[in-house]
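This report concerns only the one structure given below.
Labels below follow one simple rule: chain letters A, B, ... track the order of the sequence lines, proteins then strands, and each chain is numbered from 1.
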2 protein chains.
Amino acid sequence: MAVSEQTRMAVLGGLSITPMTGYALREQIRDTLGHFWAESFGQIYPALSALEREGLIERQPAARAGSSTFAITPAGSIRLRELLSEAPQPAQPRNGLLLRLFFGRQLGEAACRALVQDARARAETDLARMRGLRAELRGDIGPDAPFILLTVLAGEHSARASIAWAEEATRLLDGLVAAEPEPS
Amino acid sequence: MAVSEQTRMAVLGGLSITPMTGYALREQIRDTLGHFWAESFGQIYPALSALEREGLIERQPAARAGSSTFAITPAGSIRLRELLSEAPQPAQPRNGLLLRLFFGRQLGEAACRALVQDARARAETDLARMRGLRAELRGDIGPDAPFILLTVLAGEHSARASIAWAEEATRLLDGLVAAEPEPS
DNA sequence: ATGGGCATGTAAGTAGTTACATGATTTA
DNA sequence: TAAATCATGTAACTACTTACATGCCCAT
């Protein structure tokens with residue numbers, strides 16, 4: 001199967017920070033890009049093969065038998081800059097939470113309230129994670145740090161917005177019960 | 001191809017508000033669920049066929065030859081409530097903007113600034129759209145209105161967060177240029 | 001009578017996940 | 001020495017988009 005440009009970008013980008021194995025690359029993507037990007041093994045390994053064929057990365061035998069470290073080549077750096085320069089194509093949105101709330105009348109007010117509370121809890125967790133990432137970054141004066149900070153800040157703003165929305169949504173659902181009480 | 005539960009939910013949900021044609025359903029989805037959900041014709045028509053086979057919706061001949069209006073059946077309403085009750089499965093994130101900013105050192109500070117400005121402009125447009133939707137909803141006292149309002153508020157909070165982030169990100173990029181001026 | 005919007009549907013292609021198969025190395 | 005973890009890779013499947021083919025109906 002053809003490897004998408006998006007996946008090439010993520011893989012080349014990861015290797016532009018430091019050479020590593022496919023396995024390590026996946027862990028890096030999960031841990032540092034995780035809040036806004038995902039790649040599975042089924043994407044990463046074919047992408048590594050394709051990029052190697054094209055001379056954009058090089059395979060160097062690693063300490064461990066059967067494993068190899070991949071490093072970006074000069075041609076790969078050029079290609080990465082090209083890929084990054086292309087306009088981001090907005091992914092089609094698919095928010096299961098909002099879909100359920102939209103049809104909330106069918107689902108019932110209590111279930112909606114539970115969904116909102118869950119979302120709020122997840123946002124609190126995310127916010128804590130983002131604050132942790134930011135604290136880690138404060139000690140990092142590497143050339144990539146300010147750009148990584150940009151993405152962490154986006155996560156923080158997004159999480160805070162989710163929390164604020166959840167509070168407003170809860171108040172709104174409370175008002176709904178007050179306005180239409182159960183028949184006595 | 002099998003039709004996914006997510007698509008069934010969106011289609012049954014749409015028809016739970018009012019009966020309509022597949023074409024109208026797609027327009028409804030684009031216009032009212034558009035900021036958090038998307039379905040293409042290639043999903044909607046197979047979904048309508050499948051749901052009809054299962055007795056969850058009924059096809060009624062429409063005024064126009066060759067077209068038909070679909071209405072949800074009692075069995076369909078039950079199935080919809082079941083589907084809505086399932087836990088939302090979080091879609092794997094794919095944010096092309098943040099991916100580019102993360103590797104911003106490769107892309108260059110000026111291009112990053114442009115990306116942030118674009119994102120800000122898009123967020124302003126979204127915010128205006130959400131405010132418009134909210135104004136429309138103020139006149140609607142239907143039973144679905146408060147639930148729809150929940151989703152519009154989510155859009156508003158999200159758009160405002162994007163704008164606030166873009167401002168902070170721009171300041172941060174400005175500081176970057178001041179700290180590392182071009183060699184004279 | 002014709003062009004544009006309404007309407008239905010399918011085929012081909014794209015993208016991505018999950019599960020599996022395999023084996024090396026480390027650690028308890 | 002057994003279990004956990006590191007590591008690579010593929011096959012089958014699922015989901016979704018795009019482009020195309022077709023035709024109706026209304027307004028000009």
Hey, could you give me the [atom1]/[atom2] distance between [X] and [Y], rounded to the nearest 0.5 Å?
{"X": "B/T73", "Y": "B/E54", "atom1": "OG1", "atom2": "CD", "answer": "10.5 Å"}
{"X": "A/L115", "Y": "B/L150", "atom1": "CG", "atom2": "CG", "answer": "10.0 Å"}
{"X": "A/Q92", "Y": "B/S40", "atom1": "CD", "atom2": "OG", "answer": "8.5 Å"}

Atom [atom1] of [X] and atom [atom2] of [N]: how far apart are they, to the nearest Å?
{"X": "B/Y23", "N": "D/dG23", "atom1": "OH", "atom2": "P", "value": "18 Å"}
{"X": "A/F70", "N": "D/dT8", "atom1": "CZ", "atom2": "P", "value": "6 Å"}
{"X": "B/Y45", "N": "D/dA21", "atom1": "OH", "atom2": "P", "value": "18 Å"}
{"X": "A/L25", "N": "D/dC6", "atom1": "CG", "atom2": "P", "value": "15 Å"}
{"X": "A/E27", "N": "D/dC6", "atom1": "CD", "atom2": "C1'", "value": "8 Å"}
{"X": "A/I57", "N": "D/dT8", "atom1": "CD1", "atom2": "P", "value": "11 Å"}
{"X": "B/I29", "N": "D/dT17", "atom1": "CD1", "atom2": "P", "value": "11 Å"}
{"X": "A/L48", "N": "D/dT8", "atom1": "CG", "atom2": "C1'", "value": "10 Å"}

(message) For a 4.5 angstrom cut-off between non-hydrogen side-chain atoms, does A/I29 reach A/L25?
(response) yes

Exercise for the section: For the pair B/R129 and B/E124, find out whether any cationic side-chain nitrogen is under 4.0 Å from an anionic carboxylate oxygen. Expected result: no

**Q.** Under-4.0 Å salt bridge between A/E156 and A/R134
**A.** yes

| task | Using a heavy-atom cut-off of under 4.0 Å over every strand shown, decide if B/R26 touches base, sugar-phosphate, or nothing. | result | nothing

Regarding the side chain of A/S67, the nearest nucleotide among C/dT8, D/dA7, D/dG9 is D/dA7

Numerically ordered, the residues 5-13 of chain A set in heavy-atom contact under 4.0 Å with DNA chain D is none

Result for 5'-nearest mapping on DNA chain C, choosing between A/Q89 and B/T69, is B/T69

Whichever of B/R94 and B/S49 has the more 5' nearest nucleotide on DNA chain C, that residue is B/S49

### Query
Counting only side-chain N and O atoms of B/T21, is one of them less than 4.0 Å from OP1 or OP2 of C/dC6?
no

Nearest heavy-atom contact between A/P146 and B/L172 is O-CD2, 4.0 Å

Over 60° means perpendicular and under 30° means parallel, so tell me whether B/Y23 and B/F41 are parallel, tilted or perpendicular.
parallel

Quick tally for nucleotides 18-27 of chain C: nucleotides whose base has a protein heavy atom under 4.0 Å get B, sugar-phosphate-only ones S, the rest -, giving B----BBS--

Could you go through the side-chain hydrogen bond (donor to acceptor under 3.5 Å, both in side chains) check for A/S77 and B/Q106 one step at a time? CA-CA 8 Å; A/S77 289; B/Q106 309 294 324; 5.1 Å; no

